[in-house]
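Scroll down for the structure; my scribbles are underneath it.
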Amino acid sequence: MANEAVTTSMKEPIDVGGPVHAQPVRRFLSRRVVPRVILVLMCLLYIAPFYWMVSTAFKSPQEMTVFPPSFWPHVVAWWNFRAAVTYIPFFRFFLNSVLITAGMTIGAVISNPLIAYGFSRIEWPGRDALFYVAVATLFIPFPVVMVALFDIFSKLHWVNTFLPLIVPTFFGQAFYMFLVRQFLMGLPKELSDAATIDGANEFQIFVRVILPLAKPAIAVVAIFAAVNAWNEFLTPLIYLNSDRLYPLAIGLQFYRATHDVEFNLLMAASTMVVIPVIVLFLLFQRFFIEGVTVGSVKG
Amino acid sequence: MTRTTRANLRKGLLFVSPWIFGFIALQLYPIAYSLRLGFTRYSGMGSAVNIGFRNFVRMIHDPLFAQSLYNTLYYTILAVPIGVVVAIVLALAMNQKVREVSVYRAALYIPSILPIFALTFVWVVFTNPKYGLLSYIFTVVGLPSIDWIGDPHYTKLSIVILAQLGAGGPALIFLAGLRAIPAELYDSAEIDGAGSFRRFFAITLPLITPVILYDIILGLSLGLQVFTQAYIIAGGSSNTAGPLNSLLFYVFYVFKNAFQYTEMGYAAALSWFLFLISIVIALGVFRWARHWVHYEMH
């Protein structure tokens, strides 16, 4: 269905403005009704997999085998959620995910504003050239350095700890640096001048004057860093190798440790993994949209 | 250099020093180090044994290397253009002037921030031939039931479709691009009698070419790195990567060599090749973009 409907909706000529001199009824249809019908259909397409996730999460094992599948479970199996958290050490994995996310978010929030300040509020020779180098590193895919980094971290005895996941975030990430820098460049220079006259040194200006003003940009960094850390898969997969340390990203695979996959439990667990991200979005919608948009200023 | 310039240089470097350290320790050095490892046989323990160009010669004769490269390019070539078109369509939808548009925007955007590992599990259940909604709809409509993750002909296409759930992210960037287009342009086109189709191709599309370039670059980079979906569908411990190795993507093959076959030297050589491909493709796209990207929009 997804493929089918995606291609059909791609052919749909979506009306941007609508004709000006049209008849009232036609105008009502083309401006109010048609866009809504298309939008609702597109949203249904995007929601369908998640609807199926939740519906499957509440199905009993017997109902799983019924064909045609029921759209909503006849018996709502709430207990799937209890079974899901005991089938694997769910809360241990959840806690690990939270710890990793917290560490990576703190790293991003501390390092990126500091670095972005040096790349924007101080004029020094070579600054912009070096910043372009930083932006260019966005194009280095992580797998390129994966093998070498693993060997380096394993020689430091950091493998099977959270350190290789968290420590790198304290050295800045190009995308977040870029985002904060864009914001800091927009603040008037006079702010810093006034503080200098008052005898503040550069670090005091950063902490007392600029950081409080940069809160919206820092919030965007924090939210994106948190979501990305929560969603991270490849790095925990290579650096961690004990049940005690796995985040949910790795832990969810244990629902199919035996020959048969416990699909309803897996979907119950997936629902619980997805909910924190959706809640975060609903709480901070504005920041998500700002963050994505800043990234578009330059490719 | 005046005294203030020198003082500023010192201060500036001090502020960016965490990045400089990270750039050297986490990027430059590992790239150089993996080039060195690429010339060795190394299990990850003990010391690396120099074997000259043997890893690179091995790549040329390795059918799995060829297959992983083929699978990755197949996926990328399909996923990038489809991704751009879907993102533009979503952006046009998000730009509709209806009162409750923010609800639609949220519904179309949220899937793009959800973890791909969870999305893949959901996809596996959604497309399951026995209890998936998708296959049920296919049978109701009278289409042949397709095993989206079990039939090697469809596995890659299936991941391309799955990736479209993430199109809401780039769509927001396109939306920002759409809103930056001055309304007067559309008004005068309308007076000239241009229909909505014509207006889209004559005004909208040329003016969002910078965003299209951005999305292509982003998509290529993600496409070359595609891994998680394949790893989850194939099951990490299995010997093949999906049916008939149809999901053996390049990074999956690097991963297998490094962490399952303890062939760190060969894996390093493979990752260096990925580095070269990424650079060549990015430069190629930027060169090509000169012919079609319009920058007149301030």
Side-chain angles (χ1 to χ4, degrees), chain A residues 1-3 6 9-10 13-17 35-36 39 42-43 46-47 49 52-53 56 64 68-69 111 114-115 117-119 122-125 127 137 139-141 143-145 147-149 168 171-172 202 227 231 233-234 238 249 263 266-267 270 273-274 277-278 281 289 292-293 296 299, chain B residues 8-9 11-12 15-16 18-19 21-22 26-27 30-31 33-34 85 89 92-93 96 98 104 107-108 110-111 113-115 117-118 121-122 125-126 131 133-134 136-137 161 164 172-173 176 186 196-197 211 213-214 217 221 224-225 227-228 251 254 258-259 264 267-268 271 274-275 278 282:
Chain A
M1 179 194 71
N3 179 31
V6 164
S9 60
M10 282 191 313
I14 290 174
D15 199 303
V16 183
R36 284 200 167 89
L39 277 165
M42 287 172 78
C43 290
Y46 270 72
I47 290 168
W52 203 244
M53 169 183 82
T56 308
M64 289 288 298
S111 63
L114 186 78
I115 298 164
Y117 184 92
F119 274 128
I122 308 170
E123 299 259 2
W124 45 279
R127 180 188 84 178
T137 62
F139 297 113
I140 304 175
V144 166
V145 292
V147 179
L149 266 185
F171 300 105
E202 203 69 52
V227 170
N231 295 354
F233 184 80
L234 180 55
I238 63 177
F263 277 133
L266 178 61
M267 289 301 100
S270 300
V273 168
V274 156
V277 184
I278 296 179
F281 173 81
I289 292 168
V292 174
T293 317
S296 72
Chain B
N8 278 347
L9 179 63
K11 280 189 284 188
F15 272 91
V16 303
W19 174 74
F21 176 81
L26 301 169
Q27 286 176 311
I31 288 174
Y33 184 51
S34 58
V85 173
V89 171
L92 290 172
Q96 292 301 301
V98 291
Y104 303 127
L108 297 173
I110 286 176
I113 53 170
L114 299 180
F117 64 85
F121 282 126
V122 173
V125 175
F126 188 66
Y131 22 70
L133 179 61
L134 188 63
Y136 177 60
I137 292 172
I161 298 168
Q164 302 318 313
L172 272 193
I173 306 175
Y186 290 114
S196 55
F197 217 70
V211 188
L213 173 63
Y214 173 81
I217 292 286
S221 169
L224 293 178
Q225 297 182 57
F227 170 77
T228 306
V251 173
V254 175
F259 307 112
M264 295 286 270
S271 65
L274 178 66
F275 181 50
S278 306

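We use all heavy atoms of the structure for the numbers below, so side chains are in, but hydrogens, waters and symmetry mates are not. The structure presented is a predicted model; accordingly, all values stated were derived computationally and were not measured.
For B:Ala268, the parts sitting under 4.5 Å from any heavy atom of chain A are the backbone and the side chain alike. Only the side chain of A:Ile122 comes within contact range of chain B, with heavy atoms under 4.5 Å apart. At a 4.5 Å heavy-atom cutoff, the contact between B:Ser278 and chain A is made by side-chain atoms alone. Interface remark: B:Ile110 contributes side-chain atoms only to the contact with chain A (heavy atom separation under 4.5 Å). Both the backbone and the side chain of A:Phe119 come within contact range of chain B, each with at least one heavy atom under 4.5 Å from a heavy atom of that chain. Only the side chain of A:Val227 has a heavy atom closer than 4.5 Å to any heavy atom of chain B. Contact of A:Met267 with chain B is made through the side chain alone, with heavy-atom distances under 4.5 Å. At a 4.5 Å heavy-atom cutoff, the contact between B:Phe121 and chain A is made by backbone and side-chain atoms alike.
With respect to chain B, the highest number of heavy-atom pairs below 4.5 Å among A:Arg127, A:Glu202, A:Met53 belongs to A:Glu202. Highest contact tally toward chain A, considering only B:Trp19, B:Tyr136, B:Phe227, is held by B:Trp19 [criterion: heavy-atom pairs under 4.5 Å]. With chain A as partner, the option from B:Tyr33, B:Phe275, B:Phe21 having the largest number of non-hydrogen pairs under 4.5 angstrom is B:Tyr33. Ranked by heavy-atom pairs under 4.5 Å with chain B, the list A:Ser270, A:Ser111, A:Ala249 is led by A:Ala249. In terms of heavy-atom pairs under 4.5 Å with chain B, the best-connected choice from A:Ile278, A:Ile47, A:Leu266 is A:Leu266.
Put simply, the side chain of B:Leu9 reaches to within 4.5 Å of the side chain of A:Pro125, judged on heavy atoms. Looking only at side-chain heavy atoms (C-beta outward), A:Pro168 and B:Leu26 come within less than 4.5 Å of each other. A heavy-atom distance below 4.5 Å is found between the side chains of A:Leu114 and B:Pro18. Side-chain contact check for A:Leu234 versus B:Gln225: every heavy-atom pair is 4.5 Å or farther apart.
Atom CD1 of residue A:Ile140 and atom CD of residue B:Gln27 lie 4.5 Å apart, to the nearest 0.5 angstrom. Taken to the nearest 0.5 Å, the CZ atom of A:Phe233 stands 5.5 Å off from the OG1 atom of B:Thr228.
Applying the side-chain hydrogen bond (donor to acceptor under 3.5 Å, both in side chains) criterion to B:Tyr104, with sequence neighbours excluded, gives B:Glu100. Here B:Phe15 pairs with A:Tyr117, A:Phe206 under the ring-ring contact (aromatic ring centres under 6.0 Å, His included) rule; sequence neighbours left out.
Nearest heavy-atom pair, A:Pro49 versus B:Val122, reported as atom, atom and distance to 0.1 Å: O-CG1, 3.2 Å. Of all non-hydrogen atoms in A:Leu39 and B:Ala93, the two that sit nearest each other are CD2-O, 3.3 Å. The shortest non-hydrogen separation linking A:Pro143 to B:Ser271 is O-CB, 3.6 Å. Nearest heavy atom pair, residue B:Ile113 against residue A:Asn231, reads O-ND2, 2.8 Å. Between B:Asn8 and A:Glu123, the shortest heavy-atom contact is CB-O, 3.1 Å.
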Q | CA sep, side-chain torsions, deciding dist, call: B:Ile31, A:Val145, side chain to side chain contact (heavy atoms under 4.5 Å, CB included) | A | CA-CA 6 Å; B:Ile31 288 174; A:Val145 292; 3.7 Å; yes
Q. Could you walk me through whether B:Ile217 and A:Phe139 pass the side chain to side chain contact (heavy atoms under 4.5 Å, CB included) check?
A. CA-CA 9 Å; B:Ile217 292 286; A:Phe139 297 113; 3.0 Å; yes
